[in-house]
Amino acid sequence: MSLAIVDEALVLSTIDYGEADRIVTLFTRGRGRLSAFAAGARKSKRRFAGALEAGTHLRAQLVERRGEVFRLDGADIVQSFHRLRDDLPRIARLMYCLELIRELTRDQEPHTQLFDGLRDYLQKLDAKEAGPTSLLLFELDALAQAGFMPSFAPCALCGEPTGERPRFDPSHGGVLCLPCSTRVAGGFPVSAQVVEALSRLQAGERTPLPAETRARARELLNVFIAHHLGRKLNSVDFMEQVGTD
Amino acid sequence: MTPDAINRLVAQLARLPGVGEKTAQRLAFHLLRTPDLARGLSNALVEVVDRVKLCPVCFSLHDGPEASRCGFCTDGRREDRLLCVVEGISDEMAIERTREFRGRYHVLHGVLSPLEGIGPEQLRIKELLTRLQAAAVEEIIVATNPDVEGEATALYLTRLLKPMGLKVSRLAQGIPMGGDLEYADQATLARALSSRREL
């Protein structure tokens, strides 16, 4: 028994399959992340014309097949975000947030707000309206939506202010005050200024951060994400190689 | 009970890209029925593994003596000032089929793929830069695919090559010959419009 559905989707990644086909990982609005078999996707110029590029926003025609991956019967492009492909730092940010969403989500667990957040971020990135601080904002929002919200203030253990010498401990959910961090082993010292900046971003403040604060905040989030996913994201290295954050 | 030799052959064939267990079995039984084909295939496989190697200059394939250069690099009729950078051998063959390009090649053996963790050090980029220091190249044509990874690779190369005072060009992108505007996607049409030419 198969069930046909039409849903909005963002292309997270694709892998070639056989001579002419592709397996596409989609982040759909109604059903979350799913994999779909796109027959003939590599050869047919008409069927999926340019639609299966990473990050493309689609209206996907899918068929659910019991016990198998979905079948992608057709895809209409809603927005291709092609302008961001003219700029290496923006490509790096695109790939980073696609990998982040692919790894943070599970198959067929809907995250409507996360889908809207990713789509809105890609629109801003495409329109050159999203700088490096916007990526941090997007990440904090994505982590919160996926249930991995890091705590920057107050102390993740006792709830008191984190003070002048805070430590970051991903295994305890975020920043700890000095007394708590001496009680539980692990973690590393972190600048109070960076903690405050991340805390303000988490509270919804939109002020761009200075480069040095951003770099430290990026290191902190990389450690936090790697701890929860069990590995460092591949695209983090690419961001470093092209010199962007 | 199936003989072990056949099981081993099926297992090896099934490791090929795009070949599943059933296809591997069908191929194995076909080879068993056609001993001439099987022996020819076996010889060809051994020859490919033993003789074909990468050119030390452009990283294309050739079957000449060890450390010698390929036909593209030794052909005196080709233009030294033009260098076409491609992702793989099949792309080099596709460009060669056009009979329009008479310059030299450089094969990267892949593209930057952030999601797969493929960075510049996994490609033949360092070798390209070393090669350019000694070569009389004036223009580099970046012929990577027009997808996100191909664009990322082209932009990355441009960053490295422009400061060397080289002209860097990209293959034109737009509507394919005999194509239908109706079926062209947003990105292709937008590229075609921005790269339009005066008649």
Side-chain angles (χ1 to χ4, degrees), chain A residues 11-21 25 42 44-58 75-100 102-103 126 231-243, chain B residues 14 16-20 22-23 87-88 90 110-123 125-126 142 144-160 162 170 173-195:
Chain A
V11 179
L12 296 181
S13 60
T14 61
I15 50 165
D16 292 345
Y17 186 85
E19 288 227 339
D21 313 320
T25 304
R42 290 161 68 199
S44 169
K45 288 185 181 66
R46 290 184 175 181
R47 194 161 180 214
F48 297 112
L52 304 186
E53 281 294 293
T56 307
H57 181 195
L58 309 170
D76 300 317
I77 297 177
V78 178
Q79 212 172 347
S80 65
F81 305 121
H82 60 273
R83 286 176 297 180
L84 66 81
R85 289 192 223 160
D86 294 333
D87 184 26
L88 200 51
R90 285 195 290 161
I91 292 179
R93 286 184 204 135
L94 162 77
M95 299 312 249
Y96 176 75
C97 57
L98 295 181
E99 189 183 9
L100 179 68
R102 190 182 72 180
E103 300 305 316
D126 193 53
R231 70 171 180 90
K232 186 180 171 190
L233 293 178
N234 288 327
S235 44
V236 168
D237 290 334
F238 186 67
M239 299 246 291
E240 286 164 7
Q241 278 153 357
V242 303
Chain B
L16 293 170
V19 177
K22 285 260 183 256
T23 309
E87 290 179 26
S90 51
V111 273
L112 296 175
S113 181
L115 294 184
E116 309 305 324
I118 299 174
E121 66 286 351
Q122 274 109 312
L123 308 177
I125 292 178
K126 200 171 69 189
V142 184
T144 50
N145 284 328
D147 51 20
V148 179
E149 287 86 359
E151 294 294 353
T153 310
L155 290 167
Y156 184 79
L157 287 176
T158 308
R159 252 192 198 189
L160 300 175
K162 280 267 183 187
R170 182 95 174 92
Q173 294 164 29
I175 310 299
M177 296 284 278
D180 251 321
L181 286 186
E182 186 189 349
Y183 290 105
D185 62 285
Q186 217 180 68
T188 307
L189 265 177
R191 287 285 162 119
L193 276 171
S194 63
S195 320

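Below, chain A is the first sequence line, B the second, and so on; all start at residue 1.
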*Mind checking what makes side chain to side chain donor-acceptor pair (under 3.5 Å) contact with A:R85, not counting sequence neighbours?*
none
_For A:S235, side chain to side chain donor-acceptor pair (under 3.5 Å) partners two or more places apart_ = A:E99
*Between A:D21, A:I77, A:L98, the one whose heavy-atom pairs under 4.5 Å with chain B are most numerous*: A:I77
*If you count heavy-atom pairs under 4.5 Å between each of A:T56, A:I91, A:L12 and chain B, which one has the most?*
A:I91
*asked:* If you compare all heavy atoms of A:Q241 against all heavy atoms of B:G119, which two are closest, and at what distance to 0.1 Å?
replied: OE1-CA, 3.9 Å
*Please state whether the side chain, the backbone, both or neither of B:I118 comes within less than 4.5 Å of a heavy atom of chain A.*
neither
*Heavy atoms only, distances under 4.5 angstrom: which of B:E121, B:R159, B:E116 has the most pairs with chain A? Name it, please.*
B:R159
*Given that the side chain runs from C-beta out, which part of A:D86 has a heavy atom under 4.5 Å from chain B: side chain, backbone, both or neither?*
both
*Does any heavy atom of chain B fall under 4.5 Å from the side chain of A:V78, the backbone, both, or neither of them?*
backbone
*Shortest non-hydrogen contact between B:L115 and A:S13, atoms and distance*: CD1-CB, 3.8 Å
*What residues, two or more places apart in sequence or in another chain, satisfy salt bridge (Lys or Arg N to Asp or Glu O under 4.0 Å) together with A:E103?*
A:R231
_Residues in residues 144-151 of chain B near chain A [non-hydrogen atoms, under 4.5 Å]_ = B:P146, B:D147, B:V148, B:E149, B:E151
*Counting only heavy atoms closer than 4.5 Å, note whether A:R102 contacts chain B via side chain, backbone, both or neither.*
side chain
